[in-house]
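Worksheet: one structure, shown below.
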Amino acid sequence: MTLRGFATLYGAVFLLAGIAGFIPGLSPEHTHPGVAVAGASRLALGLFPVNVLHNLVHLLFGLWGLAAARGEAAARLYARAVAVIYAVLTIAGLVPGADTLFGLVPLYGNDIWLHALLAAIAGYAGFVARPSVRPAAQ
């Protein structure tokens, strides 16, 4: 997969995740302990704790990914940023008190392994994978 393909895929998945977090049929209501921002508090797909801020972040990462998919350099920067940011969110989810990002966003439970997986894949795409090479035009 090319970096542009990665950015397109991640962008689309983040957009869908952000939208799914607002749909009651896909995301049952849930009260998150220690989270002060209670708007749209749900379990996305019945598994992942989200609230309105969490959903908005997913939507922003989705839009960023689709915009970054327009160019190779932008897609690489996006992949690297997602890797670093989601690695930090994974660690925050493991730290008591920070597992709600100081009362703003739930980052515990299934979010921990999902954020770690997203960070690992993005890290590979952004830091390890070689740039796609296009054959010379003839």
Side-chain angles (χ1 to χ4, degrees):
M1 174 180 291
T2 66
L3 277 168
R4 293 178 65 199
F6 164 83
T8 300
L9 177 64
Y10 258 50
V13 170
F14 274 124
L15 275 178
L16 290 173
I19 292 167
F22 288 112
I23 299 174
L26 293 176
S27 303
E29 288 187 21
H30 182 75
T31 303
H32 305 299
V35 177
V37 181
S41 289
R42 302 186 179 283
L43 285 176
L45 304 175
L47 295 171
F48 306 103
V50 296
N51 66 356
V52 66
L53 295 177
H54 205 144
N55 293 330
L56 291 174
V57 167
H58 287 153
L59 291 172
L60 289 173
F61 269 89
L63 293 172
W64 182 15
L66 294 178
R70 293 179 167 187
E72 189 89 9
R76 183 173 301 282
L77 175 64
Y78 173 74
R80 289 177 174 179
V82 168
V84 171
I85 292 166
Y86 274 80
V88 169
L89 293 175
T90 299
I91 294 166
L94 296 170
V95 177
D99 62 349
T100 61
L101 207 56
F102 310 104
L104 298 174
V105 178
L107 298 174
Y108 54 84
N110 288 319
D111 263 2
I112 296 169
W113 68 260
L114 179 61
H115 289 165
L117 180 64
L118 292 170
I121 294 169
Y124 176 80
F127 293 104
V128 178
R130 294 184 177 267
S132 53
V133 179
R134 295 187 185 152
Q138 294 183 11

Straight-line distance of [X] [atom1] to [Y] [atom2], nearest 0.5 Å:
X	Y	atom1	atom2	answer
H58	I19	NE2	CD1	12.5 Å
L26	L43	CG	CG	12.5 Å
L89	D99	CG	CG	12.0 Å
S27	L45	OG	CG	5.5 Å
T8	L3	OG1	CG	10.5 Å
L114	L107	CG	CG	11.5 Å

Identify the two heavy atoms, one from [X] and one from [Y], that lie closest to each other, and give their separation to 0.1 Å.
X	Y	result
I112	G93	CD1-O, 3.3 Å
A87	A119	N-CB, 3.6 Å
H32	P49	CE1-CB, 3.3 Å
V105	L53	CG2-CB, 3.9 Å
A129	A125	CB-O, 3.8 Å
T90	A116	OG1-N, 3.0 Å

Next on the checklist: Using the ring centroid of each side chain, check whether Y86 and F14 are separated by less than 6.0 Å.
Outcome noted: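 Yes - the distance between ring centres of Y86 and F14 falls below the 6.0 Å cut-off.
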
Checklist entry - So, for Y124 and F6, is the gap between ring centers shorter than 6.0 Å? => result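 Not under 6.0 Å, so no.
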
In one Ile/Leu/Val/Met/Phe/Trp/Tyr side-chain cluster, 4.5 Å: [X], [Y]:
X	Y	value
L117	M1	yes
V13	L60	no
F22	L104	yes
I85	V82	yes
I121	L77	no

Between [X] and [Y] (side chain of the first, backbone of the second, donor and acceptor by atom type, cut-off under 3.5 Å), is there such a pair?
X	Y	result
N51	V37	yes
R4	E72	no
R42	V50	no

Item to check | Parallel, tilted or perpendicular: rings of Y78 and F61 (30°, 60°) | outcome: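 Because their plane-to-plane angle lies in the 30° to 60° range, the rings of F61 and Y78 count as tilted.
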
Checklist entry - Do V35 and P106 come close enough that some side-chain heavy atom pair is under 4.5 Å? => result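 V35 vs P106: side chains touch.
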
Checklist entry - Do L101 and H54 come close enough that some side-chain heavy atom pair is under 4.5 Å? => result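 No, too far: nothing below the 4.5 Å cut-off.
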
